[in-house]
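First up is the structure itself, then whatever we jot down about it.
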Amino acid sequence: MKRALLWIALLLLNILLETTIIARFIPVAFRPDTVIAIVTVIALIYPAPIAGLYAAAAGLVMDILLSPAVGANALAYFLTAQLVGIFSGKYYAKNWVFAAAAAFAARIAKEILLVLIITPLGMKPAFISAALPMLISAALTALICIPIYILKRRSTNAYMRRARYE
Amino acid sequence: MRFIKDHPVLTAVVVVVTLIIILLITTLSGGTTVVGDAVGTVVSPVEGGVSTTVGGIGDWFLGLIGRSQLQQENAELKERIAQLEGQLALNSDLENENERLREFVNYYGDNPEYELLTARVIAKSSSYWFDTFLINAGRSQGLETDMVVLSTYGLVGRVIDVGSNWGKVRAIIDSNSAVSAMIERTRDVGVVRGTPDVETGSSRCGMYHLPYDNDLVPGDKVLTSGLGGVFPKGIVIGEVVEVSRSESGTERIAIIQPQVDFAQIEEVMVLLNTIDEVEVDH
């Protein structure tokens, strides 16, 4: 319960960060997706459906606040968490390099999914012009994911050791 | 949690179907749900607080980082304010805010037919695909969907969703926005749509459906035409910076630089009267 609240608080904090600081001070081409960085960490540690629920909740809050298509971000975040969740618990996924690579791919996957979701609704996303900024953003998202993943793994390991000792 | 872990496929299907239903309902009805309103009501004051605090701190840091550039911009702004109001420019954040609000008051004076509500931008979309932002005014302040949003420089956009104390605004630079517009000099009418270039970060619009034989030149001013029933006639949108042909070669397109600096927008005004009321007053 405590862990769930912690993740929810962290996600809400990042939504605030994205919509106030990042959107105001960082040019659109260099904006990392901090929510995806956290969702990736959750999806690599917990089972995919649980990670998906966190991701969908975060996406829904973002949608309600700023999206003209409420549910689009939520669906994109949910499906991205499901994709990353394929690697959850795998031995090779317990490595920060893999986590960074997963965050990079997740950032791009989320945008592709979002475009696929909003296009049938009559919206016209300029996907080609966003390709290069998307790669830059994905790289920044991967960088942000690394410390979050390392910190999370450390705290999880400490928790496991304490539980074993008790 | 155990049920979710034990039935991952069922959970995924339920979540996806629920989200699709929410997406379809909100897109087709164009309004927010009770839950959405509640979330917005709780989160928007927090966003407002963070936005104000961060704005002050950020401005201070930006002042340290880009001091010379800011000083130059500040000098230009001082000159403009001096021309408009005959006052000396002021330095602190609070005094700058006062200046911006004073411009709003002047705008009220120049446009007595407009019933305007001043609101602060408290959050912006960081998405590539949407240019929307949140303002700290909602239903309780008289805000309704489709109301026109302005700044002292020109047209900003329109309200697309309203909660009790928040409003969601779609900027004219959003690729899904469409404004009926006309060229001030030639009176040619067309439709202005957002054409954001994510790569360069520029926020521009394109004016489409223009007559093929028009003689537009860079520098021509673009205003709202009053057609379409949403935006009143005569609000400044921007100016033509480039004229090109469409891919098929059958249509001319004007690239427009909006008068409003969407990257720096902090306060806006919402036009509370309907287009009919404004037209009657004219």
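Sequence lines set the chain letters: A, B, ... in the order given, protein chains first and strands last, and positions in each chain run from 1.
Only the backbone of I122(B) comes within contact range of chain A, with heavy atoms under 4.5 Å apart. Heavy atoms of L12(A) lying under 4.5 Å from chain B are absent altogether. Contacts between A72(A) and chain B at a heavy-atom distance below 4.5 Å involve backbone atoms as well as side-chain atoms.
For the options T11(B), V169(B), T18(B), V16(B), heavy-atom pairs under 4.5 Å to chain A are most numerous at V16(B). Counting heavy-atom pairs closer than 4.5 Å to chain B, the top-ranked of the candidates A23(A), A69(A), G52(A), P68(A) is P68(A). For the set P49(A), A74(A), G71(A), the count of heavy-atom pairs under 4.5 angstrom toward chain B peaks at P49(A). Put simply, of V61(A), I136(A), L121(A), the one with the most heavy-atom pairs under 4.5 Å next to chain B is L121(A). Highest contact tally toward chain B, considering only D33(A), I22(A), L17(A), L114(A), is held by L114(A) [criterion: heavy-atom pairs under 4.5 Å]. By number of non-hydrogen pairs under 4.5 angstrom with chain A, the leading residue of V9(B), I265(B), V15(B) is V15(B). Ranked by non-hydrogen atom pairs under 4.5 Å with chain A, the options I21(B), I20(B), L134(B), V121(B) are led by L134(B).
Between the side chain of K168(B) and the backbone N or O of S67(A) there is at least one donor-acceptor pair closer than 3.5 Å. Panel note: side chain T132(B), backbone L66(A); a donor-acceptor pair is recorded below 3.5 Å. Side-chain atoms of Y128(B) come within 3.5 Å of backbone N or O of P133(A) as a donor-acceptor pair.
Contact of the I117(A) side chain with the L23(B) side chain is registered, since non-hydrogen atoms from C-beta on lie closer than 4.5 Å. Side-chain contact between L19(B) and L60(A) is present, with at least one heavy-atom pair separated by less than 4.5 Å.
Note that OG of S126(B) and CZ of R31(A) are 6.0 Å apart. Values are rounded to the nearest 0.5 Å. How far NZ of K110(A) is from OG of S127(B): 6.0 Å, rounded to the nearest 0.5 Å.
At a heavy-atom separation below 4.5 angstrom, chain B is approached by L75(A), F78(A), L79(A), Q82(A) within residues 75-85 of chain A. Contacts between residues 94-106 of chain A and chain B, counted as heavy-atom pairs separated by less than 4.5 Å, involve no residue at all.
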